[in-house]
2 protein chains.
Amino acid sequence: MGTTGAITDASLRAFVGYDMKRAFNALQADLSRTLTPFGLRMMTFSALSLVVENPGLRPSQLATVLTIERANLVVIVDELEQRGLLTRTPSTTDRRAHALHVTDQGQSLFAKANRAVAEHDARMIAGVAQHLQPQLKDALRQIENSAKQDVV
Amino acid sequence: MGTTGAITDASLRAFVGYDMKRAFNALQADLSRTLTPFGLRMMTFSALSLVVENPGLRPSQLATVLTIERANLVVIVDELEQRGLLTRTPSTTDRRAHALHVTDQGQSLFAKANRAVAEHDARMIAGVAQHLQPQLKDALRQIENSAKQDVV
DNA sequence: TATTGTTATACTCTATAACTATA
DNA sequence: TATAGTTATAGAGTATAACAATA
C-alpha cells in the first residue's frame, strides 16, 4: 500500500509512552550535538554536574541519584577522572568508599557546558506555553513515580 | 559531603531534558516487564502495531514513521517474521520493495499485547490530572519538533 | 551479613557506511 | 542517479551476576 491511504500511527499515539519515547530520543540526539564540543555525553555531563553540586559525593550515592547501577557508573567516573575533570580520593571515614571532587579544569569545563546545556534546554521547551512548563515537569515526575511503583 | 547535607540534583532538575530522561527510563523499564510475557519489546510491539494499522506497509515507510533508520528496522522485521507474526512479500508494483502484513497469529498476539500496553499506559498517566493529559502529549510533541528543528 | 567499588558480560536502541538490485 | 532492502559495525545506555575489601 502506501498508494491508497496515508500512513498513520494513531494507535501508538494513544500512548503517552510513545510520545515520550519520540520526544526524548529527538531531544537526546540534539543534546549530544550540544555536548560533543565539550567532549561530554549526557551521562558524563550529568555526573559532573552532580559532583560539582555535591562535593565529596560517593560513587554509590551518585549512582542512586542518577538512578543507574553502580557498575555502570564506574566507567563514567573512570572517563571523567582520566580526563582530569574530577578526582577519586579514599574516604577518611570508610575505607571502602571514595570521595569525588571536581578539579579546577572540571569546574571550568562544566561551567561552559552547563551554559550550553541551559541554552539547549531553553530551546527545547520554548514551544511549550510558559504556564504549562512547570506542569509538564510535574507530570514527568509523576510518571516516573508511577512507573517505579508499578508492580503489575 | 554527604554526611553533612542531603544530596541534591537541583541543577539538573532545572532541565526538562533531565526530567524526561528519568521519566522515560522508568516507564520504558516498566513497559518491558509488561511486554516480556508476549515475547515483545518496545520496538517490536511498535512495529507490529503499525503493520496492523497499515496493512501492506513497506519497511522504509515503517522506519520513517518510527523515526529510526531503515537498517535498524531490518532486524525488527526479521524477528517478527521468524516468529510468524508478520509476512514480508514482494511488492507487485516495485520489485525493490516489500509489503508487510500481519498473520492471524500476529493479529491475535497484538490484540492481547495492545490491551496490556493500554492498561500499562493508563497506569503511567493516571497520576496526571485528566485535563493536563492532552496538554502533556502536546508538549511532548512540541519538544520533539523543537529538537528536530534545532540547528545550533 | 551487608555494603562499596569493581569487572565481566549481555541486551536494547541508535547511527553510519557500504553493498545489491532495482527504479 | 536515486531508492529499497540489506549487512556490518560501532556507540551509548542499561541490567545482572560475581568478586575482593571492608563494615
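Order of the sequence lines fixes the chain letters, A, B, ..., with proteins taken first and strands second; residue numbering starts at 1 for each chain. Only a predicted model underlies this, so the values are computations on that prediction, with no experimental measurement involved.
- Partners of A:Thr64 under the side chain to side chain donor-acceptor pair (under 3.5 Å) rule, at least two apart in sequence or in another chain, do not exist in this structure.
- The CD-P distance, from B:Gln28 to C:dC11, rounds to 16 Å in whole Å.
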Short heteroatom pairs, N/O only, protein and nucleotides 20-23 of chain C, under 3.5 Å:
unit_1	atom_1	unit_2	atom_2	d
C:dA23	OP1	B:Arg95	N	2.9

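- The A:Val74 side chain lies nearest to C:dT7 when the options are D:dT14, C:dT7, D:dG5.
- In this entry the distance linking CD of B:Glu79 with P of C:dC11 reads 12 Å, nearest Å.
- Heavy-atom nearest nucleotides on DNA chain C were determined for A:Ala99 and for A:Asn72, and the one closer to the 5' end corresponds to A:Ala99.
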Determine all donor-acceptor pairs shorter than 3.5 Å in which one atom belongs to a side chain in residues 35-45 of chain B; sequence neighbours excluded.
unit_1	atom_1	unit_2	atom_2	d
B:Thr36	OG1	B:Ser32	O	2.8
B:Arg41	NH1	B:Glu79	OE1	2.7
B:Arg41	NH1	B:Glu79	OE2	3.1
B:Thr44	OG1	B:Arg41	N	2.7
B:Thr44	OG1	B:Arg41	O	3.0

Could you go through residues 14-26 of chain B and list every donor-acceptor pair under 3.5 Å that involves a side-chain atom there, pairing it with any protein atom two or more places apart or in another chain?
unit_1	atom_1	unit_2	atom_2	d
B:Tyr18	OH	B:Asp9	OD2	2.9
B:Tyr18	OH	B:Arg22	NH1	2.9
B:Asp19	OD1	A:Arg141	NE	3.2
B:Asp19	OD1	B:Arg13	NH1	2.6
B:Asp19	OD2	A:Arg141	NH2	3.4
B:Arg22	NE	A:Glu144	OE1	3.3
B:Arg22	NE	A:Glu144	OE2	3.1
B:Arg22	NH1	A:Val65	O	2.7
B:Arg22	NH2	A:Glu144	OE2	3.2

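- Heavy-atom distances to DNA chain C give each of A:Ala29 and A:Asp78 a nearest nucleotide, and the one nearer the 5′ end belongs to A:Asp78.
- Atom pair A:Phe24:CZ and D:dA12:C1' shows a separation of 11 Å (rounding to whole Å applied).
- Looking at residues 37-50 of chain A, you'll see A:Arg41, A:Met42, A:Met43 sit with a heavy atom under 4.0 Å from some atom of DNA chain D.
- Look at CZ on B:Arg58: it is 16 Å from C1' on D:dT6, rounded to the nearest Å.
- Scored by the side chain to side chain donor-acceptor pair (under 3.5 Å) test, A:Asp78 finds A:Arg88 as partners (sequence neighbours excluded).
- Of the side-chain N and O atoms in A:Asn25, none sit less than 4.0 angstrom from OP1 or OP2 of C:dC13.
- Annotation: side chain of A:Asn54 is in contact with side chain of B:Thr8 (closest heavy-atom distance under 4.5 Å).
- For the pair B:Gln61 CD and D:dG5 P, the interatomic distance rounds to 8 Å; values are reported in whole Å.
- Separating the CG atom of B:Leu31 from the P atom of C:dT12 is a distance of 13 Å, rounded to the nearest angstrom.
- Applying the ring pair (Phe, Tyr, Trp, His ring centres under 6.0 Å) test to residues at least two apart or on different chains, none of the pairs has a partner in residues 58-86 of chain B.
- Residues meeting the side chain to side chain donor-acceptor pair (under 3.5 Å) test with A:Ser91, sequence neighbours left out: A:Thr93.
- A continuous path of hydrophobic side-chain contacts links B:Ile7 to A:Leu62 [ILVMFWY only; heavy atoms under 4.5 Å].
- Sorted by first then second residue, the salt bridge (Lys or Arg N to Asp or Glu O under 4.0 Å) pairs that include residues 61-71 of chain B, not counting sequence neighbours, number zero.
- The stretch residues 117-136 of chain B participates, sequence neighbours left out, in no ring pair (Phe, Tyr, Trp, His ring centres under 6.0 Å) pair at all.
- For residues 48-96 of chain B, there are no ring pair (Phe, Tyr, Trp, His ring centres under 6.0 Å) pairs, not counting sequence neighbours.
- Judged by distance alone, the side chain of B:Gln107 and the main-chain N or O of B:Val102 form no donor-acceptor pair under 3.5 Å.
- Distances shown here put a side-chain N or O of A:Lys21 below 4.0 Å from the OP1 or OP2 atom of C:dT14.
- Remark: A:Ile68, A:Glu69, A:Ala71 in residues 62-71 of chain A come within less than 4.0 Å of DNA chain D through at least one heavy atom.
- Whole-Å rounding puts the B:Leu73 CG to C:dC13 P distance at 12 Å.
- Side-chain proximity of A:Arg88 to C:dT6, C:dG5, C:dT14: nearest is C:dT6.
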